[in-house]
Student: 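Below you'll find the structure I mean.
Quick note: numbers below take in every heavy atom, side chains included, and nothing from hydrogens, waters or symmetry partners.
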Amino acid sequence: MSHGKVLVAQGGGPTAVINQSLVGAVLESRKFRNVERVYGAFHGVRGIVNEDFLDLTQETTHNLEMVADTPSSALGSTRDKPDLEYCKEIFRVLQAHQVGYFFYVGGNDSSDTVRIVAEQAQKADYDLSCIHIPKTIDNDLVINDHTPGYPSAARYVAQAFMGINLDNWALPGVYIGVVMGRHAGFLTAASALGKKFNEDGPHLIYMPEREFSVDRFISDVKAVHDRLGRCVVAVSEGIHDGSGNPIITTLAKQVERDDHGNVQLSGTGALADLLVQVVKDKAGIKRVRGDTLGYLQRSFVGCVSDVDQREAREVGEKAVQYAMWGAKTGSVTIHRTGFYSVDYQLSDLTAVAGKTRTMPDEFIADSNNDITDAFRLYLRPLLGRGMPDAYRLRSSNFVERVLHKDKPWTNAPWSTAL
């Protein structure tokens, strides 16, 4: 039996449901007699090496439940990407505090951290169970059918573009919305789930799984605008050219980079502004607007999938159960069964850690600027209950013109011209 102390940490970008996983792990741990203390590391792995621990053993269940329903990371997070030496220090702290169970809620990098720490414990012959609890709005963890955090972020994106489409119909023009996703287009593709009618936006969806051509983009936008008098575009922040260069680097004179040397794609409106200018200059369309959804996608209050909440709680619970039943390492993974239900498995960390999942070909339309019905069927159950709908006036009783009898009706939702 492992030592009787549990440590839970949260890493990477916050989500709307990451606290469900935290609370699931804490409450489930407190059910087991051999658990002496349940600690939470403040600000992820950085909090571990700094020994910034909160004792959650006697936190009231009621308050934990309130925290579970609150978006963002209740313990704080970090963007630190631990290397071997960093992980050795993590293990040294765990050993000093006699931690027997380490649960880390996070994405690709977090799973790799868990793997390295587990290897250190094994080398030292220290009885430590290290379990990765999945989380990421990008939905890019391999093996998983989907990842907690993604459904709620996808729900937000779908509803945001539903509203954008309504706005764009009322005041026509070109709208470009930039959505998170460096390598995977799952979140950008979710923009299509707000469409009700064929001519609704987004009319064009560009994902990083496909090469992005600026000339083709201009041609696509112009064709839609010529047909409908307007165009709504969803673009992934990670779109790149044929050589793999992010489009922002090909359009911008100067780009920002993060602490790891990656081109800064989030937290800046640069790509949207650049694409807006390109459309104005090359397509000759005057009314062009752009937004970057940015961090709003991650922890938006009041736009949370109940399916996502439930599953995020359950992966936290399952992580503890696997550890208490004797598992030493692993990543909890979600597997779809039936039309929509899920099963949980403990997968080998080496199969998950550091790997990136992208959208399968069957989810992307042959045009490379739209999604397929297969993706709609994949995502819709994840969005949960109470998805809003947008309605239109049905009237087709046009009042006969007196002064402009030959002028055609345009941009009416009931118009057969559309």
Student: Return the orientation label for the Phe186 and Tyr378 ring planes: parallel under 30°, perpendicular over 60°, tilted otherwise.
Tutor: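 Taking Tyr378 first and then Phe186, their aromatic rings sit tilted (interplane angle of 30° to 60°).
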Student: Closest approach of Pro148 and Val17, non-hydrogen atoms and distance?
Tutor: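 Here Pro148 and Val17 meet closest at C-CG2, 4.2 Å.
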Student: Would the distance check show the side chain of Arg401 and the main-chain N or O of Lys407 forming a donor-acceptor pair, the cut-off being under 3.5 Å?
Tutor: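 Here the side-chain-to-backbone pair exists.
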Student: As a quick check of understanding, evaluate side chain to side chain contact (heavy atoms under 4.5 Å, CB included) for Val174 and Ile176, giving each step before the final call.
Tutor: CA-CA 7 Å; Val174 173; Ile176 301 169; 4.2 Å; yes
Student: If the threshold is 4.0 Å, N to carboxylate O, is there a salt bridge linking Lys31 and Glu317?
Tutor: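 Judged by the 4.0 Å cut-off on N to carboxylate O distance, Lys31 and Glu317 do not form a salt bridge.
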Student: How far apart are the closest heavy atoms of Val157 and Ala190, and which atoms are they?
Tutor: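 For Val157 and Ala190, the tightest heavy-atom pair comes out as CG1-C, 4.2 Å.
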Student: Salt bridge (charged side-chain N to carboxylate O under 4.0 Å, His left out) for Arg392 and Glu199? Distances and angles first, verdict last.
Tutor: CA-CA 12 Å; Arg392 295 178 171 182; Glu199 65 273 15; 2.5 Å; yes
Student: Identify the heavy atoms of Pro82 and Val45 that sit nearest to each other, and give their distance.
Tutor: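 Looks like CG-CG2, 3.8 Å.
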Student: Please determine whether side chain to side chain donor-acceptor pair (under 3.5 Å) holds for the pair Gln309 and Arg313, giving the CA-CA distance in whole Å, both sets of side-chain angles, and the decisive distance to 0.1 Å.
Tutor: CA-CA 6 Å; Gln309 286 182 315; Arg313 172 66 70 95; over 6 Å; no
Student: Look at the aromatic rings of Tyr340 and His146 and report parallel, tilted or perpendicular, splitting at 30° and 60°.
Tutor: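 Rings of Tyr340 and His146: tilted, as their planes differ by 30° to 60°.
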Student: Between Asp370 and Ile205 (side chain of the first, backbone of the second, donor and acceptor by atom type, cut-off under 3.5 Å), is there such a pair?
Tutor: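 No; judged by distance alone, with no hydrogens or angles, the pair does not exist.
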Student: For the aromatic rings, using the six-membered ring if either is Trp, is the centroid distance between Phe53 and His97 under 6.0 Å?
Tutor: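 Under 6.0 Å, so yes.
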Student: What I want to check is whether the side chains of Ser213 and Asp215 have a donor and an acceptor closer together than 3.5 Å.
Tutor: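 No, Asp215 and Ser213 have no side-chain donor paired with an acceptor closer than 3.5 Å.
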Student: Are Asp138 and Arg182 close enough for a salt bridge, meaning some N to O gap below 4.0 Å?
Tutor: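 No, Asp138 and Arg182 are not salt-bridged.
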Student: Tell me, do Thr372 and Arg376 make a side-chain contact under 4.5 Å, heavy atoms counted?
Tutor: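 Thr372 does not reach Arg376 side chain to side chain.
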Student: For Leu54 and Tyr39, what are the C-alpha separation, side-chain angles and deciding distance, and is it a side chain to side chain contact (heavy atoms under 4.5 Å, CB included)?
Tutor: CA-CA 5 Å; Leu54 298 176; Tyr39 297 153; over 6 Å; no
Student: Give the intermediate values and the outcome of side chain to side chain donor-acceptor pair (under 3.5 Å) for residues Asp348 and Thr350.
Tutor: CA-CA 5 Å; Asp348 192 326; Thr350 59; 2.9 Å; yes
Student: Rounded to the nearest 0.5 Å, what separates atom NZ in Lys318 from atom CG in Asp343?
Tutor: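 With rounding to 0.5 Å, NZ (Lys318) is 8.0 Å from CG (Asp343).
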Student: Starting at NE2 of His183, measure out to CG of Asp140 and round the result to the nearest 0.5 Å.
Tutor: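 Separation between the atoms: 8.5 Å.
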Student: Quick one: does Ser243's side chain have a donor or acceptor within less than 3.5 Å of a partner on Asn245's backbone?
Tutor: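 No, the answer is negative, given that no donor and acceptor are paired below the 3.5 Å cut-off.
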Student: Could you tell me if Asp273 and Gln277 have a donor-acceptor pair between their side chains, going purely by distance under 3.5 Å?
Tutor: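 Asp273 and Gln277 do not have a side-chain donor-acceptor pair below 3.5 Å.
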Student: In chain order, what residues pass the ring-ring contact (aromatic ring centres under 6.0 Å, His included) check against Phe42, with sequence neighbours excluded?
Tutor: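 ring-ring contact (aromatic ring centres under 6.0 Å, His included) list for Phe42, sorted by chain: empty.
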Student: I'd like to know if the side chain of Asn165 reaches the main chain of Gly201, judged simply by a donor and an acceptor atom lying under 3.5 Å from each other, with no hydrogens or angles considered.
Tutor: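 Here the side-chain-to-backbone pair exists.
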Student: Does CZ belonging to Arg287 count more than 12 external heavy atoms closer than 6.0 Å?
Tutor: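 Yes, enclosed.
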Student: Could you give the distance from CG (Asn108) to CG (Asp112), rounded to the nearest 0.5 Å?
Tutor: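 These two atoms lie 9.0 Å from each other.
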Student: Is the shortest side-chain heavy-atom distance between Arg155 and Val304 below 4.5 Å?
Tutor: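 A side-chain contact under 4.5 Å is absent here.
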Student: Quick one: does Ser305's side chain have a donor or acceptor within less than 3.5 Å of a partner on Asp308's backbone?
Tutor: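 Side chain of Ser305 to backbone of Asp308: a pair is present.
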Student: Does Asn63 CG have over 12 foreign heavy atoms under 6.0 Å away?
Tutor: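 Result for CG/Asn63: enclosed.
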Student: If you look at every heavy atom in Ile48 and Ala9, which pair is closest and at what distance?
Tutor: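 Taking Ile48 first and Ala9 second, the nearest heavy atoms are CD1-CB, 4.4 Å.
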Student: Can Glu209 and Phe363 be said to form a side chain to side chain contact (heavy atoms under 4.5 Å, CB included), step by step?
Tutor: CA-CA 11 Å; Glu209 286 82 359; Phe363 286 174; over 6 Å; no
Student: Indicate the atoms forming the closest heavy-atom contact of Val235 with Thr188, along with that distance.
Tutor: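 Nearest pair, atom of Val235 first, then Thr188: C-CG2, 3.8 Å.
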Student: Classify the angle between the aromatic ring planes of Tyr206 and Phe212 as parallel (below 30°), tilted (30 to 60°) or perpendicular (above 60°).
Tutor: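 If you compare the ring of Tyr206 with that of Phe212, the planes turn out perpendicular.
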Student: Between Arg336 and Asp145, is there a side-chain N and carboxylate O pair less than 4.0 Å apart?
Tutor: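 Looking at Arg336 and Asp145, the cut-off is met.
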Student: Would you confirm whether Lys135, through its side chain, and Ala312, through its main-chain N or O, come within 3.5 Å as a donor-acceptor pair?
Tutor: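 Side chain of Lys135 to backbone of Ala312, a donor-acceptor pair under 3.5 Å: no, none is there.
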Student: In Å and rounded to the nearest 0.5 Å, what is the NE2 to CZ distance from His225 to Arg230?
Tutor: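 Between His225 NE2 and Arg230 CZ, I get 10.0 Å after rounding to 0.5 Å.
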Student: Measure the spacing between CZ of Arg289 and CD1 of Ile164 and express it to the nearest 0.5 Å.
Tutor: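 Reported value, rounded in 0.5 Å steps: 14.0 Å.
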Student: Side chains of Asp291 and Tyr175: any donor to acceptor distance under 3.5 Å?
Tutor: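 Side-chain D/A pair, Tyr175 to Asp291: present.
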Student: To the closest 0.5 Å, what do you measure between CD (Glu211) and CD1 (Ile247)?
Tutor: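 Here the interatomic distance stands at 8.5 Å.
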Student: Is it true that atom CD of Gln122 has more than 12 heavy atoms of other residues, nucleotides or ligands lying nearer than 6.0 Å?
Tutor: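 At most 12 heavy atoms, drawn from other residues, nucleotides or ligands, come within 6.0 Å of this atom.
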Student: Could you go through Val320 and Tyr101, starting from their C-alpha distance and side-chain angles, then the distance that decides it, and tell me whether this counts as side chain to side chain contact (heavy atoms under 4.5 Å, CB included)?
Tutor: CA-CA 8 Å; Val320 173; Tyr101 304 94; over 6 Å; no
Student: Taking the six-membered ring of Tyr86 (Phe, Tyr or Trp), confirm whether the NZ or CZ of Lys88 is under 6.0 Å from its centre and within 45° of its axis.
Tutor: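 No cation-pi geometry.
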Student: Please answer whether the main-chain N or O of Ile334 pairs with a side-chain N or O of Asn144 as donor and acceptor at a distance below 3.5 Å.
Tutor: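 Yes.
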Student: Do Arg30 and Thr61 have side chains that approach each other closer than 4.5 Å (heavy atoms only, starting at C-beta)?
Tutor: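 Arg30 reaches Thr61 side chain to side chain.
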Student: So, Thr147 side chain and Tyr150 main chain: donor-acceptor pair closer than 3.5 Å or not?
Tutor: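 Flag not set: sc Thr147 to bb Tyr150 has no pair under 3.5 Å.
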Student: Which is it for Asp80 and Arg46 under the salt bridge (charged side-chain N to carboxylate O under 4.0 Å, His left out) test, yes or no, and what are the steps along the way?
Tutor: CA-CA 7 Å; Asp80 286 5; Arg46 184 179 300 178; 2.6 Å; yes
Student: Does Asp306 pair with Arg385 as a salt bridge, N-O distance under 4.0 Å?
Tutor: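 Result for this pair is yes, salt bridge flagged.
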Student: Do Ser111 and His132 meet the criterion of a side-chain donor-acceptor pair at a distance under 3.5 Å?
Tutor: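 No.
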Student: Determine yes or no for a side-chain-to-main-chain donor-acceptor pair under 3.5 angstrom, with Ser77 supplying the side chain and Ser73 the backbone.
Tutor: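 No, Ser77 side chain to Ser73 backbone: no donor-acceptor pair under 3.5 Å.
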Student: Can you give me the closest heavy-atom contact between Ser29 and Phe103, atom names plus distance?
Tutor: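 Between these two residues, the closest heavy atoms are OG-CE1, 4.2 Å.
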Student: Using side chain to side chain contact (heavy atoms under 4.5 Å, CB included) as the criterion, point out the one residue from Leu293, Asn168, Val233 that pairs with Phe161.
Tutor: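 Output: one option passes, namely Leu293.
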Student: Looking at Glu119 and Arg115, is any side-chain nitrogen of the basic one under 4.0 Å from a carboxylate oxygen of the acidic one?
Tutor: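 Glu119 and Arg115: salt-bridged.
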Student: Go through it in stages, so that I can follow the logic: the residues are His335 and Thr333, the test is side chain to side chain donor-acceptor pair (under 3.5 Å), and I'd like the CA-CA distance, side-chain angles, deciding distance and then a yes or no.
Tutor: CA-CA 7 Å; His335 303 262; Thr333 53; 2.8 Å; yes
Student: Under a 3.5 Å distance rule, please check whether Glu237 uses its side chain to pair with a backbone N or O of Gly181 as donor and acceptor.
Tutor: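 Present.
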